[in-house]
Structure formats: structure tokens, C-alpha cells
Amino acid sequence: MGRVANKLSVNFAKKTDLEPGLYGDGNGLYLQVSKSLTKAWVFRFMIAGVARKMGLGDYDRVSLADARKKAAAAHLLVVDGIDPIAEREARKAAQAAEKAKALTFKECAEGYIAAHRSGWKNAKHAAQWTSTLETYAYPVIGNLPVQMVETAHITKILQPIWTEKTETANRVRGRIEKVLDRAKVLELRTGENPARWRGHLDQVLPAKSQVAPVEHHPALPYAEIPDFMAKLRARDSVSARALEFTILTAARTGDTIGGKAGEIDKTAKLWTVPKERLKGKRGTRKRDHVVPLSKQAMAVLEATPREGGFLFPGAEEGEGLSNAAMSELLKGMGYKPDYATVHGFRSSFRDWCGDMTSYPNEMAEIALSHTVSDKVEAAYRRSNMLERRRRLMQDWANYCASAGRAKTGNVVAMRAS
């Protein structure tokens with residue numbers, strides 16, 4: 001004789017005076033009354049020799065008829081050897097995954113910005129990300145589910161601005177690529193990244209260099225450097241000392257204004273710029289950049305007051321010099337941006353090295369913190385490299401201090417040994 005089913009009635013189940021306990025309906029379905037007299041439907045079963053209990057919903061929300069349907073469906077799974085609780089959890093996880101995949105590109109972009117904001121140097125970077133995506137990407141793909149973004153969408157965004165605003169367009173492309181890469185890692189999309197350049201968009205868009213040739217920073221001719229340095233030394237300001245130090249060390253603006261007192265070894269007369277602050281793609285810088293300091297560079301540091309740990313403190317307490325301070329100083333000295341720039345002094349140094357000295361080109365490249373092959377850098381990391389570079393930087397500093405004596409036609413080539 002089979003088990004008796006449908007033992008409960010609607011009228012019985014609705015009784016308010018039922019004692020706490022389980023009231024069987026058959027086929028594993030029970031009305032469960034708790035100690036607080038709340039009611040719920042449960043399905044009890046055995047799977048792999050283990051007794052389990054599966055909730056089917058509150059009595060007030062699930063009718064007796066629906067509870068029987070749920071219990072019958074769960075019972076069929078048990079007959080097939082499937083745990084209905086595990087099956088339900090897997091189904092919910094799949095539904096959640098599908099819902100997540102419906103996230104729009106804009107939502108994914110906002111997630112990327114939020115995740116990386118703390119690692120960016122300043123709030124302006126996050127604002128620039130948001131601004132460029134709002135202006136160019138969101139109107140096309142902002143409300144599109146991230147897994148549906150395709151190459152056609154990317155080209156629609158980039159083609160109108162690729163020629164006229166090439167640098168901006170390239171930034172937009174790179175930012176879209178990063179957002180889509182993150183979405184793939186989070187399993188919100190599959191397949192290749194439609195915003196990647198190499199082997200993909202480079203087949204449908206002209207190279208950046210073809211439509212927007214690289215513009216070099218205007219550089220003061222090295223023959224004018226000594227007289228310029230004399231004028232600069234006459235200026236009494238933190239920005240003047242920062243610019244003097246930048247020129248003497250052939251450093252980048254960011255390296256100087258981000259420089260900390262702890263990076264200076266006064267005894268060895270060395271400045272170590274951490275690899276994390278060096279220009280270049282993340283992960284490509286394997287070593288710190290060590291700069292031998294000339295007597296003149298050390299004198300600049302000695303003459304500059306220390307505040308907040310920065311080599312060159314800014315106007316705000318606890319902050320370094322602003323990014324524009326040295327550029328503004330140049331303008332104040334009467335040098336227009338189309339004739340001389342802060343970054344351009346690195347070119348002045350490089351030209352001087354090539355024209356006026358016999359130091360190896362590779363040594364000048366290392367002095368500028370340019371990337372050179374591992375083989376070349378290994379050769380110049382032998383015991384004599386640092387001392388030869390120290391002589392190079394001292395010769396440069398001496399040249400910078402030779403106002404009134406140094407002219408292009410009569411400067412003696414500096415020693416290379």
C-alpha cells in the first residue's frame with residue numbers, strides 16, 4: 001500500500017491553535033509550526049543516507065496547493081539522486097550571474113573607477129576618466145549591457161575624433177579597454193576585447209603617429225643654458241631651486257616635485273627615485289633610478305628648507321611643489337612655452353651630451369632614465385658605471401655654471417673616462 005498523500009486540509013492549516021511541531025501532508029511535505037507559532041512549509045527527504053529539510057516558503061505567502069507542487073518537484077529530484085537544496089542554490093547562483101551580466105558599460109566603468117581611485121595619484125585622474133567617458137563613450141555604449149559591446153561600437157566612438165582629437169581618442173580607447181578587461185575578469189563578458197589596439201583596431205584606424213605626429217617639447221639650446229642658469233640662480237624661490245635641481249639632474253618634473261628627503265643619500269651624494277614613481281607602463285620599471293648628485297645639486301638641496309618631507313615643499317602644508325610651478329617660473333622669466341619648457345631641458349642635456357662630450361650614448365640614456373635593453377643596462381651596472389655617471393653629471397653641472405665662457409664653438413669635449 002502506497003503512502004497516504006494530501007492528508008492536510010486548508011481549514012486545518014489555517015487553524016490558529018495548532019501546537020508547535022510538524023504536521024505531515026504526505027510525500028515529505030510538512031506544515032511546520034514554530035515555538036512562536038509562525039507557520040512555514042518544509043520538505044523532508046533523505047539523500048545519500050543523510051536526512052535533510054528544505055524550506056518551501058512561509059504559510060502566509062505559499063498556499064497548500066503550491067506547497068504540494070513544490071514538494072512534488074523536489075521529490076522527483078530526490079528520486080533521480082539530486083539534492084533539491086543544492087539544485088536550488090545552483091539555480092539561484094546562475095540567475096544572479098545572468099543578472100550581473102546585464103550590468104551596463106557605464107555601471108562597469110563606475111565600478112572600475114571606484115576600484116582604482118585609491119591607487120591613482122590625485123582626484124583629478126578619476127575626474128578625467130569620468131569626464132572623457134561621459135563625453136565620448138556613454139552616449140554610445142553607456143546603457144548597453146557590457147557583454148554586448150562590440151568592435152562596431154568602439155569604432156563609432158573613436159572615428160569622429162581620431163583625426164581631430166587623436167590624443168583624447170587614444171585615452172578614451174585605452175580607458176574603454178581597461179573597463180572591458182576588468183569586466184571579463186569578473187566574468188561579466190567573454191571573448192576578445194573589442195577596444196584593444198594591436199592586431200585589432202590598428203587594422204581599421206590609422207596609427208596615432210600618422211595622424212598626430214609626436215610633438216617634442218621646445219628645448220632651450222644648450223649654448224644658452226649657462227646664461228639661463230645664472231639668471232635662475234639669481235631668483236630666490238622654491239620653484240627656482242626646484243628648476244635648478246631639475247636641470248642639474250636631467251630629471252622629469254614629476255620626479256622632482258614628488259621627491260622626498262628620504263631619497264637622498266648625503267654621504268654617497270645619490271638621489272634614488274623609486275621605480276613606482278618613474279614614468280612608464282606599470283610593471284615595466286624593474287629598478288629604481290639612481291642619480292649621482294653633483295656639488296651644485298647638493299648645494300641646491302642644502303639651500304632649500306625642508307617641510308613635510310618633500311625636497312621642494314609647496315604652498316599647501318604637507319604637499320610638494322605644484323606641477324605648474326616651474327612652468328610658471330619660466331614664463332615669469334620671459335621664456336614663452338614655444339621656446340623653452342621644463343621638460344625640454346632634458347633635451348638640452350641630451351644634445352649637449354651628444355655634441356660636446358664623448359660619453360657613450362647609452363650612458364646619457366640611462367642618465368635620463370630612458371629604457372634601454374637589459375644587456376646594455378647590465379653592462380653599465382658594472383663597478384665603474386656609477387662613477388662614470390657621476391663624472392658625467394658633474395661635467396654637466398660645471399657646464400651649466402660656466403656663464404659668459406661657454407659658447408657652442410669653443411666648448412672643450414668633456415672627458416668620458
For [Y], is there any backbone N or O sitting under 3.5 Å from a side-chain donor or acceptor partner on [X]?
{"X": "Ser369", "Y": "His289", "result": "no"}
{"X": "Asp80", "Y": "Leu77", "result": "no"}
{"X": "Thr341", "Y": "Pro218", "result": "yes"}
{"X": "Arg182", "Y": "Glu177", "result": "no"}
{"X": "Thr357", "Y": "Cys353", "result": "yes"}
{"X": "Thr38", "Y": "Ser34", "result": "no"}
{"X": "Lys70", "Y": "Leu56", "result": "yes"}
{"X": "Arg346", "Y": "Ala250", "result": "yes"}
{"X": "Glu89", "Y": "Ala86", "result": "no"}

Once side-chain contact (heavy atoms from CB on, under 4.5 Å) is applied, do any residues pair with Thr16, and if so which ones, sequence neighbours excluded? none
ring-ring contact (aromatic ring centres under 6.0 Å, His included) filter on Tyr138, not counting sequence neighbours, yields none
Please list, chain by chain and in numerical order, all residues satisfying ring-ring contact (aromatic ring centres under 6.0 Å, His included) with Phe12, sequence neighbours excluded. Tyr23
Other residues, nucleotides, ligands: >12 heavy atoms within 6.0 Å of Lys184 NZ: yes
If you count heavy atoms of other groups shown closer than 6.0 angstrom to CD of Gln203, is the number above 12? yes
Quick one: list whatever passes side-chain hydrogen bond (donor to acceptor under 3.5 Å, both in side chains) with [X], sequence neighbours left out.
{"X": "Thr155", "value": "none"}
{"X": "Asp355", "value": "Tyr222"}
{"X": "Arg68", "value": "Asn6, Asp25"}
{"X": "Ser294", "value": "none"}

Check whether any side-chain heavy atom of Leu158 sits under 4.5 Å from a side-chain heavy atom of Leu201, and report yes or no. yes
pair Tyr359-Arg389: side-chain heavy atoms closer than 4.5 Å: no
Can you tell me how far SG of Cys108 sits from CD1 of Ile176, rounded to the nearest 0.5 angstrom? 13.0 Å
Apply side chain to side chain contact (heavy atoms under 4.5 Å, CB included) to Tyr112 and Leu180, showing your working. CA-CA 9 Å; Tyr112 181 96; Leu180 296 182; over 6 Å; no
Per the salt bridge (charged side-chain N to carboxylate O under 4.0 Å, His left out) rule, what does the pair list look like for residues 57-66, sequence neighbours excluded? none
Which salt bridge (charged side-chain N to carboxylate O under 4.0 Å, His left out) pairs, counting each pair once, include a residue from residues 237-249, with sequence neighbours left out? Arg241-Glu244
Would you mind checking if Glu365 and Arg350 are paired as a salt bridge, meaning a charged N to carboxylate O distance below 4.0 Å? yes
Could you name each residue pair satisfying ring-ring contact (aromatic ring centres under 6.0 Å, His included) that touches residues 160-207, not counting sequence neighbours? Trp162-Trp197
Listing request: all ring-ring contact (aromatic ring centres under 6.0 Å, His included) pairs with a residue in residues 236-260, at least two apart in sequence or in separate chains. Phe245-Trp271, Phe245-Phe312
How about Asn398 and Gln394: does a side-chain donor come under 3.5 Å of a side-chain acceptor? yes
Is it the case that the side chains of Arg175 and Thr132 hold a donor-acceptor pair, with the cut-off being a distance below 3.5 Å and no angle test? yes
Identify whether NZ of Lys or CZ of Arg in Lys260 sits under 6.0 Å from the centre of the six-membered ring of Phe310 and within 45° of that ring's axis. yes
For residues 39-48, run the donor-acceptor check on the side chains, cut-off 3.5 Å, and write out each pair with its distance to 0.1 Å, sequence neighbours left out.
residue, atom, partner, partner atom, Å
Lys39, NZ, Ala13, O, 2.6
Lys39, NZ, Lys15, O, 2.4
Trp41, NE1, Val62, O, 2.8

